[in-house]
Participant: 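Below you will find the structure I want to go over with you.
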Amino acid sequence: MLSIGEIERRTGLSSRQIRYYEQSGLVRFQRTPGGQRRFSEEDIKTLLLIKQLLDEEGSVAEVKRRLRDQEGEHALPLHDISRAKLTSLYPVSNRAQLLRALRSIDVPKPK
DNA sequence: ATTCTTACA
DNA sequence: TGTAAGTA
(Lines give C-alpha, C1' and ligand atoms only; values in the text may rest on other atoms or scores of the structure.)
Protein backbone atom coordinates (compact mmCIF):
# COMPACT_ATOMS: atom_id res chain seq x y z
CA MET A 1 0.00 0.00 0.00
CA LEU A 2 1.09 3.56 -0.74
CA SER A 3 1.47 6.60 1.49
CA ILE A 4 -0.34 9.89 1.00
CA GLY A 5 2.83 11.50 -0.29
CA GLU A 6 2.97 9.09 -3.21
CA ILE A 7 -0.69 9.67 -3.89
CA GLU A 8 -0.14 13.40 -4.16
CA ARG A 9 2.33 12.88 -6.98
CA ARG A 10 0.34 10.22 -8.77
CA THR A 11 -2.95 12.10 -8.73
CA GLY A 12 -1.90 15.73 -8.76
CA LEU A 13 -4.17 16.29 -5.77
CA SER A 14 -2.93 17.94 -2.58
CA SER A 15 -2.94 15.96 0.65
CA ARG A 16 -5.42 18.57 1.88
CA GLN A 17 -7.85 17.66 -0.88
CA ILE A 18 -7.40 13.93 -0.40
CA ARG A 19 -8.17 14.20 3.31
CA TYR A 20 -11.09 16.50 2.62
CA TYR A 21 -12.68 14.06 0.14
CA GLU A 22 -12.42 11.38 2.78
CA GLN A 23 -14.13 13.34 5.52
CA SER A 24 -16.78 14.39 3.02
CA GLY A 25 -17.68 10.75 2.72
CA LEU A 26 -16.65 10.49 -0.93
CA VAL A 27 -14.15 7.73 -0.19
CA ARG A 28 -12.79 5.63 2.63
CA PHE A 29 -9.13 4.77 3.16
CA GLN A 30 -7.42 2.07 5.13
CA ARG A 31 -5.36 3.11 8.16
CA THR A 32 -2.21 1.74 9.69
CA PRO A 33 -2.25 0.93 13.42
CA GLY A 34 -0.58 4.31 13.85
CA GLY A 35 -3.38 6.12 12.11
CA GLN A 36 -1.73 6.84 8.78
CA ARG A 37 -3.71 6.44 5.57
CA ARG A 38 -2.74 3.69 3.14
CA PHE A 39 -3.89 3.73 -0.50
CA SER A 40 -4.43 0.98 -3.06
CA GLU A 41 -4.21 1.26 -6.83
CA GLU A 42 -7.99 1.33 -6.90
CA ASP A 43 -8.02 4.25 -4.46
CA ILE A 44 -5.95 6.12 -7.02
CA LYS A 45 -8.53 5.42 -9.72
CA THR A 46 -11.29 6.61 -7.42
CA LEU A 47 -9.42 9.80 -6.56
CA LEU A 48 -8.72 10.45 -10.23
CA LEU A 49 -12.42 9.98 -10.95
CA ILE A 50 -13.37 12.36 -8.16
CA LYS A 51 -10.89 14.90 -9.48
CA GLN A 52 -12.43 14.70 -12.93
CA LEU A 53 -16.04 14.65 -11.77
CA LEU A 54 -15.40 17.54 -9.43
CA ASP A 55 -14.36 20.08 -12.01
CA GLU A 56 -16.99 18.94 -14.46
CA GLU A 57 -19.93 19.16 -12.08
CA GLY A 58 -18.57 20.94 -9.05
CA SER A 59 -20.89 19.67 -6.30
CA VAL A 60 -19.54 17.20 -3.76
CA ALA A 61 -23.07 15.86 -3.33
CA GLU A 62 -23.36 15.05 -7.01
CA VAL A 63 -20.00 13.35 -7.16
CA LYS A 64 -21.10 11.34 -4.15
CA ARG A 65 -24.21 10.26 -6.01
CA ARG A 66 -22.34 9.22 -9.14
CA LEU A 67 -19.81 7.34 -7.06
CA ARG A 68 -22.63 5.31 -5.50
CA ASP A 69 -23.94 4.45 -8.95
CA GLN A 70 -20.61 3.01 -9.89
CA GLU A 71 -20.41 0.87 -6.75
CA GLY A 72 -23.93 -0.35 -7.34
CA GLU A 73 -22.94 -1.82 -10.68
CA HIS A 74 -20.35 -4.04 -9.12
CA ALA A 75 -22.41 -5.04 -6.12
CA LEU A 76 -25.75 -6.01 -7.64
CA PRO A 77 -25.90 -7.66 -11.06
CA LEU A 78 -28.45 -9.86 -12.81
CA HIS A 79 -30.69 -11.47 -10.20
CA ASP A 80 -31.79 -8.03 -9.06
CA ILE A 81 -32.84 -7.14 -12.57
CA SER A 82 -35.24 -10.08 -12.77
CA ARG A 83 -36.60 -9.14 -9.37
CA ALA A 84 -37.39 -5.72 -10.78
CA LYS A 85 -39.34 -7.57 -13.48
CA LEU A 86 -37.37 -6.05 -16.31
CA THR A 87 -38.05 -7.58 -19.69
CA SER A 88 -35.85 -5.43 -21.88
CA LEU A 89 -32.93 -7.08 -23.63
CA TYR A 90 -31.01 -3.83 -23.86
CA PRO A 91 -27.58 -4.04 -22.20
CA VAL A 92 -27.45 -2.40 -18.78
CA SER A 93 -24.22 -0.50 -18.27
CA ASN A 94 -25.32 1.41 -15.21
CA ARG A 95 -27.99 -0.42 -13.24
CA ALA A 96 -28.51 2.30 -10.63
CA GLN A 97 -28.91 4.91 -13.32
CA LEU A 98 -31.37 2.71 -15.21
CA LEU A 99 -33.46 2.08 -12.09
CA ARG A 100 -33.61 5.80 -11.41
CA ALA A 101 -34.73 6.40 -14.95
CA LEU A 102 -37.42 3.71 -14.62
CA ARG A 103 -38.73 5.20 -11.38
CA SER A 104 -39.12 8.57 -13.04
CA ILE A 105 -41.36 7.08 -15.71
CA ASP A 106 -45.10 7.16 -15.14
CA VAL A 107 -46.17 3.58 -15.69
CA PRO A 108 -49.85 3.18 -16.66
CA LYS A 109 -51.78 0.91 -14.26
CA PRO A 110 -52.11 -2.62 -15.61
CA LYS A 111 -55.84 -3.59 -15.70
C1' DA B 1 11.59 13.19 7.04
C1' DT B 2 6.40 12.21 6.87
C1' DT B 3 1.85 12.19 8.23
C1' DC B 4 -2.04 13.46 11.35
C1' DT B 5 -5.54 16.64 13.49
C1' DT B 6 -7.18 21.07 14.54
C1' DA B 7 -7.85 25.62 13.44
C1' DC B 8 -7.40 30.12 11.28
C1' DA B 9 -7.16 33.00 6.97
C1' DT C 1 -7.75 25.29 -0.06
C1' DG C 2 -3.21 26.53 1.96
C1' DT C 3 -0.62 26.61 5.94
C1' DA C 4 1.00 26.78 10.85
C1' DA C 5 1.34 24.28 15.17
C1' DG C 6 2.23 20.26 18.02
C1' DT C 7 2.32 15.16 17.61
C1' DA C 8 2.96 10.35 16.57
Side-chain angles (χ1 to χ4, degrees):
Chain A
M1 299 298 267
L2 314 108
S3 68
I4 198 171
E6 296 161 4
I7 302 304
E8 288 191 83
R9 303 189 184 79
R10 299 176 61 168
T11 64
L13 291 168
S14 66
S15 60
R16 179 74 167 82
Q17 294 175 301
I18 296 171
R19 294 177 181 127
Y20 178 66
Y21 299 156
E22 183 187 47
Q23 66 175 135
S24 297
L26 260 40
V27 284
R28 184 173 196 69
F29 303 119
Q30 184 172 52
R31 298 284 186 130
T32 64
Q36 296 197 343
R37 281 166 257 255
R38 284 294 121 91
F39 309 77
S40 67
E41 290 299 325
E42 194 174 282
D43 288 333
I44 294 181
K45 293 179 185 174
T46 304
L47 287 170
L48 252 23
L49 177 60
I50 291 176
K51 182 185 184 183
Q52 179 200 315
L53 256 36
L54 225 38
D55 50 51
E56 288 183 347
E57 313 205 50
S59 165
V60 169
E62 239 180 292
V63 173
K64 204 173 196 170
R65 189 169 55 63
R66 297 188 58 170
L67 245 33
R68 285 180 102 166
D69 290 351
Q70 199 195 24
E71 292 175 6
E73 288 183 70
H74 292 291
L76 317 167
L78 256 136
H79 63 282
D80 242 311
I81 293 180
S82 60
R83 191 214 293 171
K85 295 183 168 64
L86 295 183
T87 57
S88 168
L89 294 181
Y90 281 60
V92 178
S93 58
N94 187 322
R95 198 186 71 87
Q97 190 175 70
L98 173 61
L99 292 179
R100 267 208 311 286
L102 290 175
R103 282 187 223 107
S104 70
I105 297 176
D106 186 81
V107 183
K109 276 195 175 182
K111 278 287 176 166

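Naming: A, B, ... by sequence-line order, numbering from 1 per chain. As the structure is a computational prediction, the values presented were derived from the model and not from experiment.
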Participant: Report yes if at least one side-chain N or O of R37(A) is closer than 4.0 Å to OP1 or OP2 of dC4(B); otherwise report no.
Facilitator: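 Result: yes.
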Participant: Where do V60(A) and S24(A) come nearest, in terms of heavy atoms and distance?
Facilitator: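 Looking at all heavy atoms of both residues, the closest pair is CG1-CB, 4.1 Å.
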Participant: Go through the structure and list residues passing salt bridge (charged side-chain N to carboxylate O under 4.0 Å, His left out) with R10(A), not counting sequence neighbours.
Facilitator: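 By the salt bridge (charged side-chain N to carboxylate O under 4.0 Å, His left out) rule, R10(A) matches E41(A).
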Participant: Would you call R16(A)-E8(A) a salt bridge at under 4.0 Å N-O?
Facilitator: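 Looking at R16(A) and E8(A), the cut-off is not met.
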Participant: Can you list the residues that meet the ring pair (Phe, Tyr, Trp, His ring centres under 6.0 Å) rule with F29(A), with sequence neighbours excluded?
Facilitator: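 F29(A) satisfies ring pair (Phe, Tyr, Trp, His ring centres under 6.0 Å) with F39(A) once adjacent residues are dropped.
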Participant: Mind checking side chain to side chain contact (heavy atoms under 4.5 Å, CB included) for E56(A) and listing every partner two or more places apart, or none if nothing turns up?
Facilitator: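 Per chain and number, E56(A) pairs via side chain to side chain contact (heavy atoms under 4.5 Å, CB included) with Q52(A), L53(A).
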Participant: For a quick test of reading the model: is some side-chain N or O of S15(A) closer than 4.0 Å to OP1 or OP2 of dC4(B)?
Facilitator: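 Negative; the distance criterion is not met.
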Participant: Output the rounded distance in Å from CG (L2(A)) to C1' (dT3(B)).
Facilitator: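 It works out to 15 Å between those atoms.
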Participant: Nearest whole Å is fine: how far is dA1(B) P from E8(A) CD?
Facilitator: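 Distance check: E8(A) CD to dA1(B) P gives 16 Å.
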Participant: Reading DNA chain B 5' to 3', how would its secondary structure be written in dot-bracket notation, given Watson-Crick and G-U pairs with both distances under 3.5 Å, brackets [ ] for crossing pairs and | for partners on other strands?
Facilitator: .|.||||||
Participant: With R28(A), which residues qualify under side chain to side chain contact (heavy atoms under 4.5 Å, CB included), at least two apart?
Facilitator: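 For R28(A), no residue satisfies side chain to side chain contact (heavy atoms under 4.5 Å, CB included) once neighbours in sequence are set aside.
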Participant: Take S14(A) and Q36(A), find for each the nucleotide of DNA chain C with the closest heavy atom, and name the residue whose nucleotide sits nearer the 5' end.
Facilitator: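 Nearest-nucleotide comparison on DNA chain C picks S14(A).
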Participant: So does T46(A) get a backbone contact from the side chain of K51(A), meaning a donor-acceptor N/O pair under 3.5 Å?
Facilitator: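 Checking the backbone N and O of T46(A) against the side chain of K51(A), no donor-acceptor pair under 3.5 Å is found.
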Participant: Send over the distance from Y20(A) OH to dG2(C) C1', rounded to a whole Å.
Facilitator: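 Spelled out: OH on Y20(A) to C1' on dG2(C) is 14 Å.
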Participant: Please give me the minimum heavy-atom distance between E62(A) and S59(A), naming the atom from each residue.
Facilitator: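 Scanning both residues, the minimum pair turns out to be N-OG, 3.2 Å.
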Participant: Side chain to side chain contact (heavy atoms under 4.5 Å, CB included) for Y21(A) and V63(A)? Distances and angles first, verdict last.
Facilitator: CA-CA 10 Å; Y21(A) 299 156; V63(A) 173; over 6 Å; no
Participant: Taking DNA chain B as the partner, which of residues 28-35 of chain A come within under 4.0 angstrom of it by heavy atom?
Facilitator: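 Here the set is R31(A), G35(A).
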Participant: Round to the nearest Å and state the distance from E22(A) atom CD to dT3(B) atom P.
Facilitator: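 So the two atoms are 15 Å apart, to the nearest Å.
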Participant: Given atom CZ of R16(A) and atom P of dC4(B), what is their separation to the nearest angstrom?
Facilitator: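 About 13 Å, once rounded to whole Å.
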Participant: Look at the side-chain N and O atoms of R19(A) and state whether any lies under 4.0 Å from the OP1 or OP2 oxygen of dC4(B).
Facilitator: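 Answer is yes, contact under 4.0 Å.
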Participant: Give one of base, sugar-phosphate or nothing for F39(A), where a contact means two heavy atoms less than 4.0 Å apart.
Facilitator: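 Answer is nothing: F39(A) stays at 4.0 Å or more from every strand.
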